[in-house]
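Below: the structure, in C-alpha cells.
Whatever order the structure lists them in is the order used to number ligands and atoms, beginning at 1.
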Amino acid sequence: MADFSMVQAVQMATRNHGMPLEALRYPVTPTGLHYLLIHYDIPVVDLGSWRLDVDGEVQRPLSLTADDLRGRNAVEVCSTMECAGNGRARFEPMPASQPWLLEAVGTARWRGVRLRSLLEEAGLGEGAVEILFTGLDRGVEGGLEQVYQRSLPVAEAMRDEVLLAYEMNGAPLLPQHGFPLRLVVPGWYGMTNVKWLTAVTVLDRAFDGYQQEHAYRLRAGEGDDGIPLTRMLPRALMAPPGIPEFLTRERALAPGEHVLEGRAWSGHAAIASVEVSLDGGESWEPAELSREPDSPWAWCAWTYSWSAAPGRHTLCCRATDKAGNEQPLEPGWNTGGYANNSPQLVVVTVR
Ligand SMILES: Nc1nc2c(c(=O)[nH]1)N[C@H]1C(S)=C(S)[C@@H](COP(=O)(O)O)O[C@H]1N2
Ligand SMILES: [Mo]
C-alpha cells in the first residue's frame with residue numbers, strides 16, 4: 001500500500017459511505033443508509049435538457065425525455081446490490097482503492113422501465129453483441145481521462161429483471177444514486193449498475209473500455225489478464241449484537257438468550273443455508289432462514305438463538321447458495337481487492 005496514503009483512504013471512505021451493519025435489520029434499506037460508490041463527481045443534471053439516447057446497432061434510434069420514460073409501462077424489482085470491492089480492507093496487503101470492510105451492500109425497491117422493452121422498441125440490429133451503458137460522470141483513472149461506461153452481453157441485457165430505474169424506494173433517484181436514471185441488473189456486482197445514464201448503445205463487438213477490460217477483473221498479479229467480475233458471490237452478514245465500544249466497536253452483551261440476526265444473498269442462486277459459529281469458525285451450526293423481503297433478487301433473513309455465557313466470543317456466519325457456492329474461510333487475494341467473501345467475525349464480550 002506504499003502509494004496509498006491514510007489521507008487518500010479517509011478521503012475515499014468519507015465520500016463513499018457504507019451501510020452501517022445494524023441496518024441489516026431492515027428488509028429494505030432506508031435510502032439514506034444504502035451504501036454509495038461514486039468513482040468521480042456526482043453530476044448535477046438538468047431534467048429539462050436531459051435525454052436518454054438509445055443508439056448504435058439499432059433500426060430506430062430513440063432519444064427519450066424523463067416524461068417519455070415515465071409514460072411507458074413501469075416495472076418494480078426489489079434487489080440487493082453489493083460493491084465488488086466489499087471486503088477489500090480485509091485483504092493483507094489492501095489494494096489501493098475504496099477501503100470497504102463489509103458494509104458495501106444495500107437493498108432497494110427500484111422502479112423504472114424494462115430495458116428489453118426499449119431495446120425491442122429501437123429494434124436490435126443483426127450484429128448486436130453487447131449493450132454499452134454510458135454515465136454522465138467524467139474523471140481520470142489509471143492515467144486515462146474517461147466517462148464511466150460498462151457493457152452487458154445482449155442475453156443478460158434482455159432478462160426480465162433488468163431495469164432502467166428512475167425511482168428508488170418510492171421516490172425519484174437521489175443525485176448520489178444516479179438521478180435521473182440508472183441501470184439496475186439484479187444479481188450482478190454494483191459496478192454493473194451504471195448511474196446518471198445518458199446513452200444505451202448497441203455494439204457489434206465486445207466493449208473494451210477501462211471499467212471493463214482493466215478494472216473489475218480478478219487478477220492474481222499484474223501480468224494476469226484475469227477474469228471479469230459478474231455476479232455476486234454468496235455472503236452472510238450479522239447485525240452486530242449488543243452495544244459497541246466507541247473506539248474499537250467491540251460488542252458488549254449481557255449473559256442469557258439472544259437472537260442473532262442477519263441477511264444473506266448470492267447473485268448466482270437462492271441461498272441454500274446459513275451457518276453460525278460461536279467459536280471463531282471452529283464449529284458451525286445451521287441458522288433459520290426466512291424470505292423477507294419477498295423477492296428472488298433480494299437478500300433473505302436469518303436468525304439463530306444463542307445462550308450467551310460470560311466470556312469473550314468470536315461469532316461468525318457464512319452462506320451457501322443453491323448452485324453450491326460457499327464462502328471460503330481464507331480470502332483469495334487479487335490485485336483489485338475484489339470479491340473477498342471470507343466470513344465476517346464479530347467479537348463480543350458477555351458480562
Ligand atoms: N456512472 C457511474 N455509475 C456507477 C458508478 C460510478 O462511479 N459512476 N459506481 C458503480 C459502483 S462501483 C457501484 S458499487 C454502484 C453503487 O451504487 P450506489 O452508490 O447507488 O449504491 O454504482 C455503480 N455505478
Ligand atoms: Mo463498486
So the atoms of ligand 1 within less than 4.0 Å of a heavy atom of Met81 turn out to be 17 (O)
Is Arg114 paired with Glu120 through a side-chain N to carboxylate O contact shorter than 4.0 Å? no
Before accepting this row, confirm whether a basic side-chain N of the pair Arg72/Glu121 lies closer than 4.0 Å to the acidic partner's carboxylate O. yes
Using a 4.0 Å cut-off to any heavy atom of Cys83, which atoms of ligand 1 qualify? 14 (S)
Salt-bridged, Arg116 to Asp160, with N to O below 4.0 Å? yes
Check: Tyr216 ring centroid to Tyr338 ring centroid under 6.0 Å: yes
Taking the minimum heavy-atom distance to atom 9 (N) of ligand 1, which of Leu37, Leu136, Leu174, Asn16 ranks first? Leu37
Quick one: do Glu130 and Arg205 make a salt bridge, cutoff under 4.0 Å? no
Nearest protein heavy atom to atom 19 (O) of ligand 1, by residue and atom, and its distance? Lys195 NZ, 2.5 Å
As an exercise, identify every atom of ligand 1 less than 4.0 angstrom from a heavy atom of His34. 21 (O)
Write out the residue and atom name of the closest protein heavy atom to atom 7 (O) of ligand 1, then the distance separating them to 0.1 Å. His39 N, 2.8 Å
Give the residue and atom name of whichever protein heavy atom lies nearest to atom 15 (C) of ligand 1, and the separation in Å to one decimal. Gly190 O, 3.4 Å
One thing to verify: whether Arg312 and Glu250 come together as a salt bridge, which I'm taking to mean a side-chain N less than 4.0 angstrom from a carboxylate O. yes
Strictly below 4.0 Å, N to O, side chains only: are Glu167 and Arg182 in salt-bridge contact? no
By number and element, which atoms of ligand 1 are closer than 4.0 Å to a non-hydrogen atom of Val194? 1 (N), 3 (N), 24 (N)
Could you tell me whether Glu326 and Arg318 make a salt bridge, using a distance below 4.0 angstrom between a side-chain N and a carboxylate O? no
Provide, to 0.1 Å, the distance between atom 11 (C) of ligand 1 and the closest protein heavy atom, together with that atom's residue and name. Met191 CA, 3.6 Å
Candidate pair Thr248 and Glu245, rule side chain to side chain donor-acceptor pair (under 3.5 Å), full reasoning: CA-CA 6 Å; Thr248 63; Glu245 203 273 326; 3.0 Å; yes
Shortest heavy-atom approach to atom 5 (C) of ligand 1 - which of Tyr148, Tyr35, Phe133, Trp100: Tyr148
Measuring from the heavy atoms of Arg182, does anything fall under 4.0 Å of ligand 1? yes
Look at atom 24 (N) of ligand 1 and say which protein heavy atom is nearest, naming residue and atom and giving the distance to 0.1 Å. Asn193 O, 3.0 Å
Can you confirm, on distance only, whether ligand 1 has an N/O atom lying under 3.5 Å from any N/O atom belonging to Asp137? yes
Have a look at ligand 1 and work out which part of Tyr216, if any, has a heavy atom under 4.0 Å from it: side chain, backbone, both or neither. side chain
Could you tell me which atoms of ligand 1, counted from 1 in the order shown, lie closer than 4.0 angstrom to a heavy atom of Ile38? 7 (O)
Parallel, tilted or perpendicular, judged at 30° and 60°: which one describes the rings of Trp299 and Trp265? tilted
